[in-house]
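Take a look at the structure set out below.
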Amino acid sequence: MTSLPDAPQTTPSSVPIILDGWQGDGGDGSARAGSAAGGDGGSGGRWRGPSERLFEGLNPQQREAAEYRGQALLIVAGAGSGKTSVLTRRIAGLIESREAWPSEILAITFTNKAANEMRERVEQLLGGKAQGMWISTFHSACVRILRREAETIGKTASFTIYDSGDTRALLKRIIKELDADTLGFTVGGAANRISKLKNELTDLETFARSANLSDPQEVMFLEIFRQYTRELRRANAFDFDDLIAETVFLFRAFPRVAALYQSRFRHILVDEYQDTNHAQYSLIRELTMPVAPDIVDDLESHGRNVRPLRDAAGVIPSASLTVVGDSDQSIYAFRGADIRNIVEFERDFPGAKVVLLEQNYRSTQNILSAANAVIANNFDRKDKKLWTAVGDGEKIIGYTGYSGHDEAQFVADEIEKLHGAGMAYKDIAVFYRTNAQTRALEEIFIRSALPYKVMGGTKFYERAEIKDSMAYLITVANPDDMLALRRILNTPKRGIGPATETQLASYAEDNGLTFRAAMRDAASLGLGPKVTNAILQLSGLLDEAAAKIDPSNPAGVSPVADVLTFLLDGSGYIETLRNSRDPQDEARAENVDELVAVTREFARNNPDGTLVDFLTEVSLVAAADEIDDSSGAVSLMTLHTAKGLEYDAVFLTGIEEDLLPHRMSANEPGGPAEERRLFYVGITRAKKRLFLSLAMTRAQFGETAVAMPSRYLQEIPADLIEWRQSPGSANGRGGTQSRALNARRPGLGAGSGGSGGSGWNDSLAAAPFRQERPKAEWPNRVTGKVRDNGDLELAPGDRIRHADFGDGRVTQVTGQGAKRVAHVQFEKVGAKKLLIKIAPIDKL
DNA sequence: TACATCAGCATTTTT
DNA sequence: TGCTGATGTA
């Protein structure tokens, strides 16, 4: 979020605050400026608040939210209403006025990037470092707690975090071993169900007690769940959902451990509260519990100075809780997010104060009106209308492409226009519902020489070569992790096949050894000399690497990058890739080099970072964390990833039935409403320009299917959109009837009057470009065609023919080598940029 | 044990 | 369309 524009000030500037008795105070918190959980509000004036300067530029509601002091505060923050400003000023205010030490602050954000930004802004407001604040995601905070307390629950501090890929790999093996697929179990299904249970804090024992054991399906699932849980424990590993759930279980089972954190965090702030699930909600509840006197005594006897926190009864009262959210932006129900957490906040925390932020500082009124109109169709919500003082702005632009590629070409052309008019690429974003939609966009963007970056998607860390390299590191950090060990056992090929693996496993079993220990004993297994040698060599390599990170090693601890290169060289992995004749392995080797660069970067940013720290960071990167503000590239991402972000210009693509709302959501209760919120989130990301696009046909599974305009499009008042190419035009079937009439699917259309969506029809009548042209005459039936032109030379003045755009004249050639770009003026479709090497062009 | 070939299947969104 | 896994062969 950017800085706020000027807003009316409620209070005149006041004199600087003098903190009597505070200046020379030590760090024990014995002279607090006010009780954090005092309860009687900020208006009383018992304590002197933070200095006026912190609240400059806030509107009255924002200011109230930043200044309020009390047990519980709910900030209902509409999109773009400046909630980050409020949160940062609230934190800075608490610290500046000495109501809290930085170390007493716990702020939960949705991404690591948001966390870093918040920290920077707080420090900026305070004019210096504020060390000790915990500002992080739920998952990062929990990992931090779990690593500290690992021994309490039978793990070691170097436990591995399994991502969804690891979870799937493990489940796949279990399902196969149990022959569970014959009962209809799939990896995805089982993973989903286990995840749901964990998000509801149902552990194995609880589930087993309630399971219906006369149902063979249920029995089988219980067995899968049991084995999965056992394997995780044996591997000293947690999956994503465990990170939250196990922390809650830890707090519940060990009140003394909980008390450490309850007494430490006096001010807890949670962003995006509407997307918390039950486990996360419970975690917050645990952290905001008061600490009973006997446990406080116990803390004190262990040297924790918490006396200043105690009240008259000897209790440490609840920490204060601030949550920020907007139920209209709840888009993670599929992951267990429970909208009730925010709706029922006032019931959960009696006496809670609620502040509503409705003024929007981000978008133009046209964009907001569209957003308001769309979300108003969700019943069962508190009415909330975003408004702005910045004026109407430009109209929303609509476009219907012939195909996904055509749509992508429209996006690329418009981006070039915006860029030509002075907008930076990094201020432009393209959103879509499913990751699969990136393909067409990428093909066109590459061909158009448009700089872009895909967020999330096929993630770097999901590539096989990266997972292999990471598995080496994981095996060194956590020798119990069988999944990682198995992965590298025969990668690169060293002749240790499945048969050998089984023998090692049973040897380990028979002798009560770990698999790693069995490997060291390979000589006594009676295997062939070649295999034995291979095992011993790998085992030795891993032992040597482990010594490099052993803190007790007199030679000191090696940086992660050194350990990684040692493993990659010693195992021959990188050499195998380099010598391979598969052309793709060259790119893979480059990716591995990239990983080494990442570890170097990590060491620069975290001079004291250990291998485990590195692995943690990598496990918890979110798609939105990859955004590099300084990069000169257009950002491509899913609508989910877009939450919390903003761009000058936003392209919402694929606004079609079965895509948005997605086909899969149709059967789920609340599905269409959630999809509408997703659309709403997308619209409200735009600051100045908004483009909505769709295609008449879309390729999927190599087949081309007919696509219909999304029902949500008709919810936007027609006068807000200017259709460049409306859904009603260019009807391939030759009729004059609006295609959009077909948008209403059977069962939906009937309900709203027999004439079939007249409002939609009206809106189309207003659409300016209502051509009735047969398909064949489409100016740019763009395809994804590419070709290898080798060293085709082009110079200004050359005439060319393009497979999609027709004839044109080269006006300029820029760039070098494989990245040479031709600027071409086409006769029919205007100016375009083309990457010469791959564009489907011929020189005439 | 390693590699090639082919059939079948998959795509909702994510920490 | 593009990947994974099963199958067959050297």
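From a predicted model like this one, the values you see are computed outputs, not experimental measurements. Sequence lines set the chain letters: A, B, ... in the order given, protein chains first and strands last, and positions in each chain run from 1.
Residue Phe334(A) and nucleotide dT13(B) are classified as a stacked aromatic pair, their ring centres being separated by less than 5.5 Å at an interplanar angle below 30°.
With Tyr461(A) as the aromatic partner, Lys467(A) does not meet the cation-pi criteria of under 6.0 angstrom to the ring centre and within 45 degrees of the ring axis. The cationic atom of Arg685(A) (NZ for Lys, CZ for Arg) does not lie both less than 6.0 Å from the six-membered ring centre of Tyr647(A) and within 45° of the ring axis. With a 6.0 Å cutoff to the six-membered ring centre and a 45° limit on the axis angle, Arg677(A) does not count as a cation-pi contact of Tyr680(A).
Within the 6.0 Å centre-distance limit, the rings of Phe251(A) and Tyr261(A) are counted as a close aromatic pair.
Considering only side-chain atoms of Asn435(A), the nucleotide from dT13(B), dA2(B), dT12(B) that sits closest is dT13(B). For Arg433(A), the side-chain atoms get nearest to dT13(B) when compared with the rest of dT11(B), dT15(B), dT13(B). Ranking dA6(C), dT14(B), dT12(B) by closeness to the Lys176(A) side chain, first place goes to dA6(C). When the nucleotides dT12(B), dT1(B), dC3(B) are ranked by their closest atom to the side chain of Lys493(A), dC3(B) comes out on top. Comparing dT1(B), dT11(B), dT15(B) against the side chain of Phe240(A) picks out dT15(B) as the nearest. Side-chain proximity of Thr641(A) to dC3(B), dT14(B), dT12(B): nearest is dT14(B).
Using a 4.0 Å heavy-atom distance criterion, Ser164(A) is classed as a base contact. If you check every strand for non-hydrogen atoms under 4.0 Å, Asn490(A) touches sugar and phosphate atoms only. At a threshold of 4.0 angstrom between heavy atoms, the contacts of Phe138(A) with the nucleic acid are absent. Among the atoms of the strands shown, none is found under 4.0 Å from any heavy atom of Ala699(A). Among the heavy atoms of the strands, none lies under 4.0 Å from Thr276(A). Using a 4.0 Å heavy-atom distance criterion, Lys530(A) is classed as making no nucleic acid contact.
Comparing His640(A) and Thr500(A) by the nucleotide of DNA chain B whose heavy atom lies nearest to each, the residue mapping closer to the 5' end is Thr500(A).
Per the geometry, CZ belonging to Phe679(A) stands 17 Å off C1' belonging to dT13(B), to the nearest Å.
More than 12 heavy atoms of other residues, nucleotides or ligands sit less than 6.0 Å from atom CD of Glu286(A).
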